Protein chains: 2
Amino acid sequence: MGRPCGFDQDEALERALGVFWRLGYEGASLDDLCQAMGIGRQSLYNAYGDKRTLFLRCLRRYTERNEVALREHLGQVRPVQRAFAALFEQALGQPDERKRMGCFSINTGMELAPRDVEVGDLIARGQRMLEDVFTEALEAGAGRAELAPGSDCRALGRFLVGTLLGVTVLLKSDPRSPAPRAMVDVALQALAR
Amino acid sequence: MGRPCGFDQDEALERALGVFWRLGYEGASLDDLCQAMGIGRQSLYNAYGDKRTLFLRCLRRYTERNEVALREHLGQVRPVQRAFAALFEQALGQPDERKRMGCFSINTGMELAPRDVEVGDLIARGQRMLEDVFTEALEAGAGRAELAPGSDCRALGRFLVGTLLGVTVLLKSDPRSPAPRAMVDVALQALAR
DNA sequence: GTCTTACTTGACTGCACGGTCCAGAACGCA
DNA sequence: TGCGTTCTGGACCGTGCAGTCAAGTAAGAC
């Protein structure tokens with residue numbers, strides 16, 4: 001009833017995510033968002049509430065999409081060492097502009113987690129999710145005898161989460177640095193059987 | 001000649017660093033800075049130039065101070081494994097409030113490196129410096145036969161830089177997370193002989 | 001076809017920010 | 001003591017921001 005919404009809310013949310021990812025929460029102005037989303041200010045407020053609410057929806061969207069993509073990738077590739085190697089390789093092989101963007105979740109954690117408990121909680125949940133996905137992939141690998149017997153998959157999973165974080169941050173602040181490459185090479189040896 | 005500066009510029013710079021560290025570059029207002037530094041706006045501009053110039057001086061001060069402290073620590077403690085273990089242990093043992101602050105250099109790299117080439121360059125230099133300090137400590141350890149023969153100290157140094165980054169970022173976005181502890185434990189095994 | 005309801009557009013508001021100006025104060029020097 | 005120079009404090013300016021308002025518009029309901 002009444003006039004229907006004149007734009008694709010899902011598509012617009014995706015555009016908003018792109019803006020927040022590139023510019024951060026504070027750095028993205030409503031004008032930036034409206035322009036990228038192709039809608040006016042009031043439409044934005046009608047559809048999503050205020051800026052912060054829109055941001056939280058972007059963050060949830062990003063986390064969920066990442067989870068399914070990761071689960072699919074890690075569930076398919078074998079052995080588990082190759083799955084993680086491919087994951088890191090993909091991060092290392094991105095174009096510089098993309099490296100500069102880093103990971104939206106990490107960016108957000110750095111910018112907002114210390115002063116916004118709700119964001120902090122979402123980020124912490126996301127990290128635990130990542131840890132679980134990694135750990136489960138490792139346990140599956142261990143079940144296929146791809147890892148050394150007695151490997152602590154939870155500890156290895158946490159280690160790999162931290163490694164991915166480190167690599168991403170290194171690449172973001174200096175996309176040409178040789179450090180992340182070396183980091184990955186050394187880190188993957190922890191998975192040798 | 002003329003009226004002398006009425007405050008300790010070194011001390012005031014330290015206060016400014018504290019504000020930038022806690023709030024970030026954009027997050028720190030001139031009012032925040034003036035209040036923490038105990039001086040007026042005009043005094044700040046007389047002594048340091050504009051906000052960005054003051055920030056760059058803070059960043060340089062931070063990097064230099066970190067370098068000497070690290071060199072001293074890593075040069076003293078032996079074997080080299082214990083030196084790095086102590087370094088990570090110190091990061092893990094900080095109070096939550098301090099964990100939330102993270103590392104000023106990483107914070108800055110995340111916030112400004114993608115859009116400020118001068119900052120980006122300072123950060124990249126800082127990372128290379130850290131890498132060199134770590135590598136030299138490892139080489140000294142290798143010279144004392146503390147590492148496995150044939151160890152690639154440069155690669156290990158880069159790996160440890162990335163590990164420290166990962167741990168710091170994990171602690172910042174979630175000080176109670178068990179992940180950084182596990183990450184350190186696994187990472188230090190790369191130094192086993 | 002008209003009426004109700006919701007969406008759209010663009011102007012507007014109040015605020016916080018970085019930076020500047022200016023009048024006055026404090027010190028070194030002669 | 002008087003002068004020149006520099007520092008100090010507070011008012012001020014222009015800008016960019018998130019969020020609101022009101023008038024106009026388009027679609028579905030009947």
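Please read all numbers here as calculations on a predicted model, not as lab measurements.
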Donor-acceptor check, side chain of [X] to backbone of [Y], threshold 3.5 angstrom: yes or no?
X: A:T135; Y: A:E131; answer: yes
X: B:N46; Y: B:S43; answer: no
X: A:Q81; Y: A:L191; answer: yes
X: B:E111; Y: B:Y25; answer: yes
X: A:W21; Y: A:G102; answer: yes

Using a 4.0 Å cut-off to any heavy atom of chain A, which nucleotides of DNA chain C are the first and last in contact, reading 5' to 3'?
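Range of nucleotides touched by chain A: C:dT5 to C:dA11.
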
So which of B:T108, B:L54, B:N107 actually passes side-chain contact (heavy atoms from CB on, under 4.5 Å) with B:F20?
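Per the side-chain contact (heavy atoms from CB on, under 4.5 Å) rule, the option paired with B:F20 is B:L54, out of B:T108, B:L54, B:N107.
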
Look at B:D174 together with B:K99 and state whether they make a salt bridge at an N to O cut-off of under 4.0 Å.
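Judged by the 4.0 Å cut-off on N to carboxylate O distance, B:D174 and B:K99 do not form a salt bridge.
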
When you check the gap from the basic side-chain N to the acidic O, do B:E146 and B:R82 get nearer than 4.0 Å?
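No, this pair does not count.
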
Can you give me the N/O atom pairs linking the protein to nucleotides 25-29 of chain D at distances under 3.5 Å, or say none if there are none?
| unit_1 | atom_1 | unit_2 | atom_2 | d |
| --- | --- | --- | --- | --- |
| D:dT25 | O2 | A:R3 | NH1 | 3.0 |

From CA spacing to verdict: ring pair (Phe, Tyr, Trp, His ring centres under 6.0 Å), B:F104, B:F55
CA-CA 11 Å; B:F104 180 56; B:F55 183 83; 5.5 Å; yes

For the aromatic rings, using the six-membered ring if either is Trp, is the centroid distance between B:F84 and B:F134 under 6.0 Å?
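Yes, ring centres under 6.0 Å apart.
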
For DNA chain C, determine which residues of residues 31-46 of chain B have any heavy atom closer than 4.0 angstrom to one of its atoms, and list them numerically.
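Under 4.0 Å from DNA chain C: B:R41, B:Q42, B:Y45.
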
